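Side chains included, hydrogens not; waters and symmetry mates left out as well; all remaining heavy atoms used. Fair warning: this is a prediction, and the values are worked out from it, not measured in the lab. Numbered from 1 within each chain, the chains take letters A, B, ... in sequence-line order.
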Amino acid sequence: MDFTYTETQDMLRDTLARFLADTYDFETRKKMIDSAEGRDPGIWRALANDLGILSAPFSEAQGGLGGGALENMIMMEELGKVIAIEPYLQTVVIGGGALKAAGGALADAVIPEIIAGNAIIAFAYAEPQGRYDLANLRTTAKKDGAGYVLNGHKGVVYAAPWATHLLVTARTGGNQRDRDGVELFLVDAKSAGITRRDYPTVDGSRASEIYFENVALPAEALLPGGIDLVEKVVDEAAVAVCGEACGVTRKLHEGTLDYSKQRQQFGQPIGRFQVLQHRMADMFLEVEQIMSMTLMATLKLDLPAAERKAMVSLAKAKVSRSAKFVGQNAIQTHGGIGITQELAIGHYFKRATMIESQFGSADWHLDRYEQLTLPGAA
Amino acid sequence: MNLEFSPEEIAFREEVRTFIAENYPKELRGKQDEGGDLTKEDFLSWHKVLAKKGWVAPAWPVEYGGTGWTATQRYIWSEETARADCIRLMPFGLTMVGPVIYTFGTPEQKARFLPRILSGEDWWCQGYSEPGSGSDLASLRTKAVRDGDHYVVNGQKTWTTMAQHADWGFFLVRTDPDAKQQQGISFLLVDMKTPGIEVRPIITLGGEHEVNEVWLEDVRVPVENRVYEENKGWTCAKFLLAHERTGIAGVAASKRGVERIKSIAMSELDGDRPLLANPFFRRKVAELEMDLTALEYTELRTLAGEAAGKGPGPESSLLKIKGSEIQQRITELTLEAAGHYGAPYFRGFGEGDNEHPIGPEYANRAAPIYFNTRKTTIYGGSNEIQRNIIAKMVLGL
């Protein structure tokens, strides 16, 4: 049993944390969000080129530092601490993860572009009718000669306005909710037949509705692996989001603690009131459990699918619930000022709220866990 | 003991339903349900319809323009207006300063202000909270110094809802700096156009401009605009806070909210069934209805007590606590139902609303409304303060 990070992992964290401390204060973040593009592309270039850390979870053969899920968790936690809007989750964890798992010529071509900061990947998997069911797809990729023709509508695709590539789930066969026939494609975002409607998201990012109309895909666009690959990639994404929650909720708790020491009411700091002390103690318990569950799930990502899914679901369900508890109580303890745009705390709360349901709500994950592990169901 | 409405009450309910169906402004229909921005004109158009009918201030005594309705009739009124999704009128004139003026004001003040509250000519705001005085309201520092026939007011108020539209504000100010906290406070009516007043917007998490900071610099307020005695303003404030709490349960509006969740969850798909058939979601809706029913019958018992001559006592804190928590759970569940489409954000500042919704219409504002509704457990005396009141005043601890 060992829960210590390696020296390299500590260095990765320190490097990123120092960089973000210099570049990602709350006001700067706000300016990025309010800008036309909704981000500062210089940050991404610096992560790739100056820090060279977009390579962290890739193997040395792929030009990476030889890390994996733990490195992703470290990155996500630090990005969460500043509620960064960088497309690391979409590009490196999801896009990079899918390419790593699928291998082949496409992976060899695109992974170096990710590492160099040239490729940004958005994950177009959700559909308006599908909620969190990854196989509930109307988007189709019909065989056409050697390649495919893509048609459909994907909803709320985070980072799509910035993307060079779209990672798209689509059906090559089967009915709307069949597992068989679901495939994953990497699509050039500039392909003819793609239209986007871009918009900001409540947690400060940008996303799009994407419409594919007879988009011609070459045969190589398919990343072999079917629904099993999609589920693996989404489990890795869910755990990465748990990692982000570690950073986000840690900051929510710290911010609340600080505020309770400064804010005076009835002639004393409000942190002296026992009811608030107990609340902040409870928040602390939840933050620690978020950390525990995230580490647990991160270390179990390589288990066989059934076991991996069960443990990822427990982790994500717990993190969803805890993130809600920590976020809501952070706002309540701040009072009115917590609901203003002015203070950072509200923006952490918004991100924590979106994390709750990203890649499956607590209910969805508990349901999946029950179906996989508990006897007695019909 | 009897839970049924009498034949007269049923007839009254029919009258109310017919009136709403025939008179609620068409352009406002559905607007509140969709969570759209309500303008001053929206509020006023419904206000004026009610003023003309004489129903704008159901709880006021008849001599000042009230309806003379019984508590049950008022309950029916709030049920029916919520059922029809009628805009909830701003409380600052009608349920806050109005009752203070007819209870504590001079005959001149009553004659001057009450008719204009009823007609909607004056839009009121509330100058209570200060940056350093939230839950601890009595520590307020905005001061008013007597200068001949005027008070000269200096200080800063915050969380002043809809002050950007206000013609008048009622302010708590310190008139005796040496007295013990509650004892040196006076209740002033301030013309918001007086030189020295500056209203600055506070933008809240969903992007709304509802609340403001109000800065007061050498603002001259005629002494005749003081309600009740100098340094006795806390009496008015306490009276008003108790009034604010009885309305705050929001049972009728929450019932409407639960119905809306059900209809959303019937249209939102979860695999091959509606979301409302999902056992987890379904259970949460049932639990919400359970708690809302408990709140409703608690409020009815309180109303019955009021009808029997018992004023709203510290028990009304119960209504505030449970009512606000239920309001929050409704927004939570609506956001949950929205799924992925809770994430799109429509309202950048100055950009105006997008023309078309992204995803289903109800999802559009689900997240901003959820964020914004965190306020209900904070305002009107935070729920922590309400629990203190129950512990002290009800339980004697």
Side-chain angles (χ1 to χ4, degrees), chain A residues 33-34 126-133 136 155-158 176-177 197 199-209 263-267 270 273 275-276 279 324 327-328 331-343 346-347 349-350 353-354 356-358 361-364 366-367, chain B residues 129 131-139 158-159 202-207 211 268-272 275 278-281 283-284 328 332 335-336 338-349 351 354 356 358-360 366-368 370-375 377-379 382-384 387-388:
Chain A
I33 290 171
D34 291 343
E127 296 189 6
Q129 80 290 349
R131 289 188 83 76
Y132 308 115
D133 179 0
N136 188 332
V156 199
V157 185
Y158 269 71
Q176 190 182 313
R177 292 168 54 232
R197 180 174 172 201
Y199 46 82
T201 62
V202 293
D203 49 355
S205 188
R206 297 285 169 105
S208 312
E209 297 301 290
R263 173 70 173 173
Q264 301 268 336
Q265 291 285 269
F266 303 102
I270 60 171
F273 296 114
V275 68
L276 297 189
R279 180 180 301 159
K324 172 180 290 199
Q328 292 184 344
I331 299 301
Q332 182 68 20
T333 308
H334 275 77
I337 196 80
I339 303 178
T340 66
Q341 297 271 20
E342 208 173 307
L343 241 64
H347 298 266
F349 171 57
K350 290 203 266 190
T353 302
M354 290 298 114
E356 279 178 44
S357 61
Q358 207 171 0
S361 63
D363 281 352
W364 188 86
L366 286 170
D367 187 34
Chain B
S129 296
S133 306
S135 286
D136 184 9
L137 182 60
S139 69
T158 192
W159 314 127
I202 300 174
I203 306 301
T204 42
L205 280 185
V211 288
E268 184 78 20
L269 282 175
D270 179 46
D272 58 355
L275 180 60
N278 175 312
F280 312 102
F281 195 87
R283 174 56 59 86
K284 278 185 247 189
Q328 291 182 338
E332 216 171 295
L335 178 59
E336 207 176 306
H340 295 289
Y341 283 98
Y345 178 66
F346 294 92
R347 228 171 33 158
F349 304 135
E351 294 167 25
N354 282 13
H356 309 292
I358 293 164
Y370 167 73
F371 298 141
N372 186 275
T373 306
R374 303 315 303 170
K375 72 188 175 188
T377 49
I378 294 168
Y379 67 29
S382 72
N383 284 19
E384 290 84 353
R387 288 186 168 90
N388 283 346

Examine whether an atom of B:I202 lies under 4.5 Å from a heavy atom of chain A, and if so say whether it belongs to the side chain, the backbone or both; otherwise answer neither. side chain
Under a 4.5 Å cutoff for heavy-atom pairs, which residue among A:A126, A:G335, A:G336 has the most contacts with chain B? A:G336
CG of A:D363 to CD of B:E336: how many Å apart, nearest 0.5 Å? 5.5 Å
Within a strict 4.5 Å, meaning less than it, do heavy atoms of the B:E384 and A:F273 side chains meet? no
Using side-chain heavy atoms (C-beta onward) and a distance below 4.5 Å, is B:L335 in contact with A:E356? no
Of the backbone (N, CA, C, O) and the side chain (C-beta and beyond), which part of A:D367 lies under 4.5 Å from a heavy atom of chain B, both, or neither? both
Which pair of heavy atoms, one from B:L205 and one from A:K350, lies closest together, and at what distance? O-NZ, 3.0 Å
Do A:Q328 and B:Q328 pass the side chain to side chain donor-acceptor pair (under 3.5 Å) test, and can you show the C-alpha distance, the side-chain angles, and the key distance before you say yes or no? CA-CA 10 Å; A:Q328 292 184 344; B:Q328 291 182 338; over 6 Å; no
Between A:Q332 (side chain only) and B:T377 (backbone N and O only), is there a donor and an acceptor less than 3.5 Å apart? yes
If you look at every heavy atom in A:V156 and B:A343, which pair is closest and at what distance? CG1-CB, 3.8 Å
Assert top hit (heavy-atom pairs under 4.5 Å, partner chain B, pool A:N136, A:T353, A:D203) equals A:T353
Tightest non-hydrogen contact, residues B:Y341 and A:P128, listed as OH-CG, 3.6 Å
Proximal component of B:S129, with respect to chain A [non-hydrogen, under 4.5 Å]: neither
Distance-minimising heavy-atom pair for A:V202 and B:P344: CG1-O, 4.0 Å
What part of B:A367 lies closer than 4.5 angstrom to a heavy atom of chain A: side chain, backbone, both or neither? side chain
Rounded to the nearest 0.5 Å, how far does NE2 of B:H340 lie from OH of A:Y158? 10.5 Å
At their closest point, which heavy atom of A:T201 faces which heavy atom of B:Y345, and how far apart are they? C-CB, 3.5 Å
Could you look at B:P131 and say if it's the side chain, the backbone, both or neither that has a heavy atom under 4.5 Å from chain A? backbone
Contact leader toward chain B among A:H347, A:K324, A:H334, where contacts are heavy-atom pairs under 4.5 Å: A:K324
May I ask you to name which of A:E209, A:M354, A:R177 has the most heavy-atom pairs under 4.5 Å with chain B? A:R177
About how many Å separate CG of B:D270 and CH2 of A:W364, when rounded to the nearest 0.5 Å? 11.0 Å
Could you please spell out the steps behind the side chain to side chain contact (heavy atoms under 4.5 Å, CB included) verdict for A:V275 and B:R387? CA-CA 10 Å; A:V275 68; B:R387 288 186 168 90; over 6 Å; no
Using a cut-off of under 4.5 Å on heavy-atom pairs, state which of A:L366, A:I270, A:L343, A:T340 scores highest against chain B. A:T340
I need the minimum non-hydrogen distance between B:G132 and A:R263, along with the two atoms involved. CA-NH1, 3.9 Å
Engaged part of B:D272 at the chain A interface, taking heavy atoms whose separation is under 4.5 Å: both
Ranked by heavy-atom pairs below 4.5 Å to chain A, first place among B:G271, B:P360, B:A138, B:G359 goes to B:G271
Mind ranking A:R206, A:Q129, A:E342, A:R131 by heavy-atom pairs under 4.5 Å with chain B and telling me who comes out on top? A:R131
Heavy-atom distance under 4.5 Å between the side chains of A:I337 and B:W159, does that happen here? yes
Measure from the side-chain N and O atoms of A:Q265 to the backbone N and O of B:D136, and report whether any donor-acceptor pair falls under 3.5 Å. yes
How many angstroms lie between CD1 in A:I331 and CZ in B:R374, if you round to the nearest 0.5 Å? 8.5 Å
